[in-house]
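These numbers come from a predicted model, not from an experiment. Residue numbers start from 1 in every chain, and the chains themselves are labelled A, B, ... in the order their sequence lines are given, proteins ahead of strands.
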Amino acid sequence: MKNRPIVFLGTSSFSLKTLAALCKARFNVVGVYSRAPKPAGRSYKVQKSVVHEYADEMGIPVYCPKNFKSDEEIDQFRALGADLAILSSYGLIIPQVLLNIPSHGFINVHASLLPRWRGAAPIRSAILAGDDKTGITVMRMDAGVDTGEIISMKSVDIFPETCHGELANKLGELGAEMILETLDDLDLHLSRSRQQPLLGISYSKKISKDLCRICWNDSVKNILRHIKAFSPEPASWTEIDLQSNEEKRSNIRLKVYDAKIVNFPANAPCGLIHENMIVSCQNGALWLTEVQADGKNRMSGDDFLRGRRNLVGKIAR
RNA sequence: CGCGGGGUAGAGCAGUUUGGUAGCUCGCCAGGCUCAUAACCUGAAGGUCGGAGGUUCAAAUCCUCCUCCCGCAA
């Protein structure tokens with residue numbers, strides 16, 4: 001497989017690990033597909049995806065079609081003459097015509113133990129659901145959403161303190177390793193692939209900004225999972241009402257990156273802020289250990305409260 | 001030129017509108033009280049107010065330019 005042409009499709013930093021591993025191991029990556037650069041960030045500049053940037057550095061040609069509906073795009077893909085395509089959190093649906101092009105088909109690196117958490121946000125879904133483990137599934141792609149035959153699977157523990165960032169990082173590395181293992185003897189692995197179980201199927205939804213808002217009426221466990229699942233990106237957030245005009249802004253928007261469960265005040269109203277940035281929830285309280293207010297740097301909850309002692313006793317919503 | 005917030009002691013902030021001795025809550029250091037402590041008391045150190053220029057008798061504060069950090073939106 002070492003010298004056979006491979007096409008890589010991916011967009012996120014999760015998928016970058018696999019591409020980087022392929023390049024390091026000197027596989028013959030003849031083309032990279034990634035999501036089209038789009039305006040983003042503070043100055044609204046057009047930005048390439050991390051995978052795109054990396055491929056540029058490596059001198060690999062990059063393609064960013066909006067979809068694969070036109071013959072042009074399909075012909076272009078065919079022209080690369082790849083024997084195999086490797087896909088990892090790419091972002092576009094791959095039609096059957098395209099799947100048929102490489103002689104060895106498409107291989108996908110998916111960050112869950114399939115068939116659990118098929119779809120867009122498998123890692124967050126696992127944390128949100130309170131799963132105690134998740135993992136990587138390497139599979140052959142078919143036209144369905146993450147429904148292909150399984151080549152290999154490895155699991156990783158999720159601890160209560162695990163956040164999305166570190167988990168995604170860990171899984172990205174595991175995925176890269178597993179792809180290298182697969183390529184070590186591709187034919188053997190392909191011949192051993194097996195269908196996904198029919199039981200235990202679940203789908204993960206795409207996340208929205210709304211979903212990231214903390215609901216303080218929820219249980220401490222659920223809120224902590226929520227915080228972990230969205231940390232550090234895009235981060236759970238809440239708003240603190242300042243009622244009067246004692247501050248210039250009428251309220252403060254606060255991102256919460258990390259928290260710990262504490263059994264401090266019982267029976268306090270949900271959302272009530274106590275000393276040290278401890279906030280009451282349904283059946284306990286969370287100590288917000290790492291936060292960030294609008295326009296400010298990330299800091300500990302203690303520090304945040306230091307210059308805003310008037311916040312104790314206010315309600316987070 | 002997408003919209004907006006910010007840079008003041010090691011940390012988090014006030015002070016800028018109306019120019020006139022550099023402040024608060026912590027931390028740090030020393031001492032004291034305690035069986036003891038993250039508690040309490042006393043004392044001390046620590047800042048060319050992001051940078052450059054300008055106005056002024058006088059600039060953290062007013063004017064111009066630069067730079068760095070951050071939130072929103074997409």
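A heavy-atom distance below 4.0 Å to RNA chain B is reached by none of the residues of residues 271-278 of chain A.
Not a single ring-ring contact (aromatic ring centres under 6.0 Å, His included) links A:F14 to another residue, sequence neighbours left out.
Between the side chains of A:Q292 and A:Y257, a donor-acceptor pair is found at a separation under 3.5 Å. Residues A:S280 and A:W216 have side chains that never bring a donor and an acceptor to within less than 3.5 angstrom of each other.
Summarising the base pairing, B:rU64 is matched to B:rA52 through a Watson-Crick or G-U wobble pair whose two defining distances lie under 3.5 Å. Taking a pair to require two hydrogen-bonding distances under 3.5 Å in either a Watson-Crick or a G-U wobble arrangement, B:rG10 pairs with B:rC26.
Atom C1' of B:rC29 sits at a distance of 14 Å from the matching atom of B:rA9, rounded to the whole Å. Taking the P atom of each, B:rU56 and B:rG15 are spaced 29 Å apart, rounded to whole Å.
Ionic pairing of A:K314 and A:D241 is not present here: no N-O contact between side-chain nitrogen and carboxylate oxygen is shorter than 4.0 angstrom. Using a 4.0 Å cut-off between a side-chain N of Lys or Arg and a carboxylate O of Asp or Glu, A:K17 and A:E173 qualify as a salt bridge.
Expressed to the nearest 0.5 Å, how far CG of A:L186 lies from CD1 of A:I6 amounts to 8.5 Å.
Checking A:G41 against A:D303, the closest nucleotide of RNA chain B that is more toward the 5' end is the one next to A:D303. Along RNA chain B, the nucleotide nearest A:R309 and the nucleotide nearest A:R253 are compared for position; the residue whose nucleotide lies closer to the 5' end is A:R309.
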